[in-house]
Amino acid sequence: MSPFPIPISFSRRSTGSVETQNWTCVPEFHLVGFSEDPELQSLLLVLFLSVYLVTVLGNLLIILLIISDTHLHTPMYFFLCNLSLADMGFTSTTVPKMIVDVYTHSTVISYVGCLTQMSLFIIFGCMDDLILTVMAYDRFVAICHPLHYQVIMNPHRCGFLVSVSFFGSLLESLLHNLILLPVTCFKAVEISNFFCDPSQLLNLTCDDTFNHDIVMYLIGIVFGFFPISGILFSYYKIVSSILRVPSPDGKYKAFSTCGSHLLVVCLFYGSGLGVYLSASFSTSSRKSAVASLMYTMVTPMLNPFIYSLRNRDIKRALQRIVNRIS
């Protein structure tokens with residue numbers, strides 16, 4: 001197979017004219033680069049590598065704290081541990097490839113590598129989405145049904161909820177692959193992002209997009225609308241319960257147990273909405289790529305800091321680890 005894209009032209013007859021379109025069978029795609037300036041590329045390399053290391057180490061620290069400290073062996077921290085795993089995978093799917101691209105001054109990714117990156121991106125991104133929904137349900141049970149919390153959120157149910165989140169993520173990735181794997185030709189080889197964004201790949205396909213759009217809308221409803229609705233319903237019930245608490249101290253204590261999760265939810269969906277709006281209204285592919293950085297790099301990096309700085313249990317566990325080492 002030739003290492004270069006093979007253009008295929010054909011003529012499609014319309015009323016009174018002949019319309020010609022170029023379709024391309026591609027062994028590789030080209031991603032968006034952030035800059036061609038060598039000095040700026042060196043700065044970006046250091047910046048991206050630093051952010052990636054902070055993200056991985058921060059989430060790894062959260063995982064190790066939860067595993068090593070028996071005081072944190074509760075449903076809330078079990079879900080937080082899985083969220084940190086998903087964040088690490090989510091970032092590791094896109095950022096290392098971007099760092100290599102900046103270092104080698106190359107934006108090429110193979111067809112197989114692109115589909116693999118897309119699949120992992122969907123799996124870990126959907127895991128983030130569903131785990132955040134499960135954590136909202138956990139806070140709803142803890143605040144609205146505190147006397148039945150241990151019975152409802154037993155270890156078997158917690159494991160079941162995480163398993164459903166994982167297999168649901170695999171299902172979404174499988175559906176995207178079932179759409180893209182039969183595709184043999186694409187309209188272009190340039191992807192307007194620094195990674196293989198699923199929506200970008202679907203827009204490049206030569207096939208009729210009507211059936212694809214229907215499937216994508218169904219995926220959006222199942223894995224987007226339902227989780228967001230679940231989170232909103234949970235917090236509606238949580239706020240209603242907190243407002244019925246008579247003392248201000250009781251209200252503060254009840255809200256503090258879900259404040260970190262609410263902040264992470266706002267950051268996750270807010271950055272995702274920012275990426276969508278940027279892609280919809282911005283004509284610059286680099287501006288869209290910069291907006292995607294917030295979603296794929298900054299949000300997973302901030303999550304450990306949000307939970308560690310706002311959570312007394314995490315602080316105490318970290319202090320116990322430090323005292324044990326010293």
Side-chain angles (χ1 to χ4, degrees), residues 29 79 81-95 97 109 111-137 158-183 186 191-205 207-234 264-265 267-276 279-280 288 291-292 294-297 299-300 303:
F29 292 97
F79 297 134
C81 182
N82 283 276
L83 180 67
S84 293
L85 282 171
D87 280 338
M88 286 175 60
F90 189 59
T91 302
S92 298
T93 299
T94 57
V95 178
K97 167 63 179 169
I109 185 170
Y111 174 78
V112 175
C114 189
L115 289 185
T116 302
Q117 187 185 62
M118 180 204 72
S119 300
L120 293 175
F121 177 82
I122 294 171
I123 290 173
F124 290 116
C126 186
M127 274 288 290
D128 262 340
D129 179 30
L130 296 179
I131 290 294
L132 285 173
T133 306
V134 170
M135 293 177 75
Y137 172 72
C158 292
F160 173 75
L161 290 173
V162 171
S163 299
V164 169
S165 300
F166 177 69
F167 286 110
S169 303
L170 287 179
L171 177 61
E172 183 182 359
S173 178
L174 178 62
L175 290 174
H176 277 85
N177 278 283
L178 289 176
I179 294 174
L180 285 170
L181 283 176
V183 177
F186 295 84
I191 298 176
S192 302
N193 216 324
F194 66 89
F195 66 96
C196 290
D197 188 349
S199 61
Q200 296 281 345
L201 285 174
L202 288 172
N203 290 334
L204 293 178
T205 59
D207 298 342
D208 182 16
T209 60
F210 178 74
N211 293 331
H212 296 172
D213 291 341
I214 293 177
V215 176
M216 291 304 299
Y217 284 133
L218 290 175
I219 291 174
I221 291 172
V222 174
F223 296 101
F225 176 75
F226 286 161
I228 293 175
S229 299
I231 292 173
L232 292 176
F233 176 78
S234 296
V264 170
V265 167
L267 194 61
F268 181 80
Y269 287 106
S271 58
L273 180 63
V275 171
Y276 173 77
S280 300
S288 299
S292 297
M294 180 70 181
Y295 187 64
T296 57
M297 287 184 65
T299 300
N303 287 352

Check: His176 and Ile219 side chains under 4.5 Å, non-hydrogen atoms: yes

Is Gln117 reaching over with its side chain to a backbone N or O of Thr93, donor-acceptor style, under 3.5 angstrom? yes

At what distance, to the nearest 0.5 angstrom, does CZ of Phe226 lie from CD1 of Ile231? 14.0 Å

Can you name the residues that form a disulfide bond (SG atoms under 2.5 Å apart) with Cys114, not counting sequence neighbours? Cys196

Measure the shortest side-chain to side-chain distance between Leu115 and Leu181 over non-hydrogen atoms and say whether it is less than 4.5 angstrom. yes

Please examine the side chains of Leu180 and Met118, heavy atoms only from C-beta on, and report whether any two atoms are closer than 4.5 Å. yes

State the CD1-CD1 distance between Ile221 and Ile228, to the nearest 0.5 angstrom. 12.0 Å

Treating Ser173 as the side-chain partner and Ser169 as the backbone partner, does any N or O pair qualify as donor plus acceptor under 3.5 Å? no

If we only count heavy atoms from C-beta on, is the Val112 to Thr116 side-chain gap below 4.5 Å? yes

Could you walk me through whether Leu83 and Phe79 pass the side-chain contact (heavy atoms from CB on, under 4.5 Å) check? CA-CA 6 Å; Leu83 180 67; Phe79 297 134; over 6 Å; no

Between atom CZ of Phe223 and atom CG of Leu218, what is the distance when rounded to the nearest 0.5 Å? 10.5 Å

About how many Å separate CD1 of Ile122 and CG of Leu170, when rounded to the nearest 0.5 Å? 11.0 Å

Restricting to non-hydrogen atoms, name the atom on Pro227 and the atom on Leu130 that form the minimum distance, rounded to 0.1 Å. CG-CD2, 3.9 Å

Quick one: CG on Asn303 to CG on Leu267, what's the gap to the nearest 0.5 Å? 6.5 Å

Working to the nearest 0.5 angstrom, can you tell me the gap between Ile131 CD1 and Asp87 CG? 10.5 Å

Note: Ser234 and Ala136 closest approach over all heavy atoms is CB-O, 3.7 Å

Asn82 side chain near Phe166 side chain, heavy-atom distance below 4.5 Å: no

Those residues that, when tested against Tyr295, pass ring-ring contact (aromatic ring centres under 6.0 Å, His included) (two or more places apart): Phe90, Phe268

Listing request: all side-chain hydrogen bond (donor to acceptor under 3.5 Å, both in side chains) pairs with a residue in residues 119-133, at least two apart in sequence or in separate chains. Ser119-Asn177, Asp129-Tyr269

